[in-house]
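Counting from 1, the numbers follow the sequence of the chain as shown.
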Amino acid sequence: MKKKEIESKWKKPLVVCLVIVMCTMAVPPSMSQSYLRSETPNDVVMDVEFVDVDCAVPDSNPPTIEYDYFYESLAQNIEEIQLGQPTTIHFFQTDLELQLVQSELVPPDGKIYVEEDNGTVEYPMPAVAYTGTVLDEGGEEAALIITDDWISGFAVVGDYVYWNEVVPTDTPLYQPYRSWRVERLREYNESLSDPDEGACEPPSGRSISPGRLINVNRLPSQSVILEREPGPEPMHGWQWERLVGHGDRDFFNLFWWCPWIGINQWFCSFLRILSDLNGVANIYRRDTSVIFTVPAIYVDTTGACGLNSRNALNLLNQFQADMQGRHPNPRYHVAHLLTGKNLNGGTIGIAWRPGHWSLSQQVSEGWWTSYHATAYQRVILESHEIGHNYNAIHGSAERRRHWWPFWPFFHWHYTIMWTPFMGNNMIPDFSNANANRIHANAHTKALAP
């Protein structure tokens with residue numbers, strides 16, 4: 001075990017191979033310069049649940065999302081946040097004024113453990129997670145990861161959730177950030193719940209052990225709640241829980257492009273894990289009164305952790321074994337694996353219910369399927385699988401119908417635990433029933449053995 005200071009390791013000099021690239025980069029654009037591009041990502045519309053294990057499978061029906069690519073110098077934002085001042089950050093086609101503070105997500109003794117060729121190397125976890133409110137009219141919460149050259153997270157304003165993330169270098173030079181927005185209506189005309197825990201056949205060749213397959217039922221019941229407000233009712237009694245994140249070697253390999261923007265590859269992996277968990281933590285704090293801290297994040301750069309299966313259940317078992325055998329290993333209530341593998345059978349997530357271990361696929365299932373692994377979809381999927389760890393079930397989820405101004409047209413939105421998983425039509429809310437299940441389980445959940 002070796003311990004190093006993070007400042008001397010995570011930064012790398014910018015790699016430039018072509019003279020023409022150097023000339024292009026010589027004159028950076030003005031702050032917040034942006035342009036728009038429409039792309040067609042994919043949503044998930046198939047979810048599977050077993051008695052003890054849950055997983056998800058995609059379908060087709062991709063919507064079109066308009067992205068706003070931009071560059072923004074972040075040094076001034078960090079300085080304003082540290083001084084307790086409001087700061088302005090670019091989001092999709094707009095600039096939002098935020099009041100941010102350091103999130104409780106990163107504890108003072110938080111650690112990053114990096115599996116390298118010469119063993120496990122330990123680094124202190126930097127306090128780069130922020131949470132707060134949007135000061136603009138209609139603004140609500142915001143949760144972001146910000147460094148000098150990284151910004152990812154979301155801000156809620158009115159009927160929209162705005163998202164920022166860092167993207168690979170196939171975007172134009174000096175435009176490494178991408179923003180978009182997802183509709184989030186605050187009122188619904190009616191809500192339907194599914195009393196059964198819907199399921200589908202397991203992917204071919206996958207072991208169903210342990211337990212039997214739950215009966216298939218994909219149709220919701222007709223229990224209707226008119227003019228319901230989304231989200232759970234307020235709870236009392238905060239519950240602090242310890243959540244560990246882990247990125248496998250395939251996840252680490254997704255960030256091959258980071259040295260091109262001057263960031264060490266493993267540090268990019270860490271920032272992405274922390275960014276997703278920051279989004280998950282914000283949902284749980286708001287909806288379930290559970291406050292997550294992240295005492296450790298693991299990044300496997302070599303494959304030494306033995307997480308090599310593309311079979312979802314086998315990989316979950318490998319992950320459990322790795323976490324139980326790992327030393328050092330800060331105590332935790334839930335550990336979540338972010339895998340860069342394209343799992344067999346179209347599975348994109350799996351979890352023990354209830355339990356301590358879960359995982360989610362971090363790559364698109366295919367252009368014409370409904371899972372494209374955008375930041376929004378990842379956070380919803382991760383919240384879904386971690387929800388199973390806290391005994392949340394499909395059967396207590398809801399779908400909510402909103403009528404358009406021009407009757408008789410309407411569209412559906414779906415709470416986090418809904419099955420099938422509906423991608424961009426999911427909303428970042430738990431139903432009251434599932435929020436109560438999570439809250440109750442958190443109060444009795446022991447630390448992982």
Side-chain angles (χ1 to χ4, degrees), residues 32 34 36 38 41 43 63-70 72 77 81 86-101 103 130-144 146 151-165 177-191 225-234 275 278-287 374-380 383 398-407 409-416 418 422-432 435:
S32 296
S34 64
L36 302 179
S38 293
D43 304 321
T64 297
I65 288 183
E66 188 175 36
Y67 290 109
D68 179 357
Y69 291 86
F70 69 98
E72 185 162 280
N77 299 103
I81 294 169
T87 189
T88 300
I89 294 176
H90 182 78
F91 285 86
F92 180 78
Q93 297 182 340
T94 189
D95 291 331
L96 297 179
E97 188 176 24
L98 311 179
Q99 185 72 58
L100 299 173
V101 297
S103 167
Y130 300 93
T131 187
T133 57
V134 182
L135 301 180
D136 299 82
E137 183 177 356
E140 298 180 32
E141 71 263 29
L144 295 160
I146 305 175
I151 183 167
S152 58
F154 67 90
V156 181
V157 182
D159 292 337
Y160 294 97
V161 182
Y162 291 81
W163 288 83
N164 279 348
E165 69 174 343
Y177 307 136
R178 179 173 75 176
S179 183
W180 71 99
R181 67 182 186 181
V182 179
E183 189 175 17
R184 172 188 173 268
L185 298 179
R186 291 172 290 178
E187 293 184 358
Y188 297 85
N189 302 98
E190 62 182 351
S191 174
I225 306 173
L226 297 177
E227 298 299 338
R228 111 162 246 142
E229 290 289 331
E233 298 170 356
S275 178
N278 197 30
V280 170
N282 188 76
I283 292 172
Y284 275 73
R285 181 187 181 102
R286 167 172 49 81
D287 281 13
T374 64
Y376 181 73
Q377 291 182 10
R378 294 194 313 265
V379 168
I380 295 294
S383 297
E398 295 172 347
R399 70 171 181 172
R400 298 167 179 170
R401 178 158 54 191
H402 178 79
W403 292 96
W404 293 3
F406 305 102
W407 186 89
F409 301 105
F410 65 89
H411 57 262
W412 292 105
H413 286 174
Y414 304 82
T415 58
I416 289 170
W418 181 266
M422 302 298 287
N424 290 338
N425 292 323
M426 303 289 285
I427 54 176
D429 296 328
F430 286 104
S431 66
N432 287 346

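With hydrogens and angles disregarded, no donor-acceptor distance shorter than 3.5 Å links the side chain of Y162 to the backbone of H90. A donor-acceptor pair is defined here as one N or O able to donate and one able to accept, closer than 3.5 Å; no such pair exists between the side chain of N425 and the backbone of Y414.
Between D68 and Q93, the shortest heavy-atom contact is OD2-N, 2.9 Å. Here the closest heavy-atom approach between residue I416 and residue I427 is recorded as CG1-O, 3.5 Å. Pairing each heavy atom of Y130 with each of N278, the nearest pair is O-ND2, 3.5 Å. Looking at every heavy atom in both residues, N77 comes nearest to E72 through OD1-OE2, 4.1 Å. Shortest non-hydrogen contact noted between A142 and V134 is CB-CG2, 4.2 Å. A pairwise comparison of heavy atoms in E97 and P86 identifies OE2-CB, 3.4 Å as the closest pair.
Separating the CG atom in N164 from the CG atom in L144 is a distance of 7.0 Å, to the nearest 0.5 Å. The OH atom of Y177 sits 10.5 Å away from atom CD1 of I89, with the distance rounded to the nearest 0.5 Å. The line from OG1 of T374 to OH of Y67 is 5.5 Å long, rounded to the nearest 0.5 Å. How far CG of L96 is from OG1 of T87: 11.0 Å, rounded to the nearest 0.5 Å. The distance from atom CG of L98 to atom CD1 of I146, rounded to the nearest 0.5 Å, is 7.5 Å.
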What's the verdict on salt bridge (Lys or Arg N to Asp or Glu O under 4.0 Å) for R378 and E165, showing C-alpha distance, side-chain angles and the deciding distance?
CA-CA 12 Å; R378 294 194 313 265; E165 69 174 343; 3.7 Å; yes

So F154 and V161, side chain to side chain contact (heavy atoms under 4.5 Å, CB included) or not? Walk me through it.
CA-CA 7 Å; F154 67 90; V161 182; 4.0 Å; yes

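No side-chain heavy atom of S431 sits less than 4.5 Å from a side-chain heavy atom of W418.
The distance between the ring centers of F430 and Y284 falls below 6.0 angstrom.
R285 and E141 are not joined by a salt bridge, as no carboxylate oxygen comes within less than 4.0 angstrom of a charged side-chain nitrogen.
At least one test fails for R181 against the ring of F92: distance under 6.0 Å to the centre or angle within 45° of the axis.
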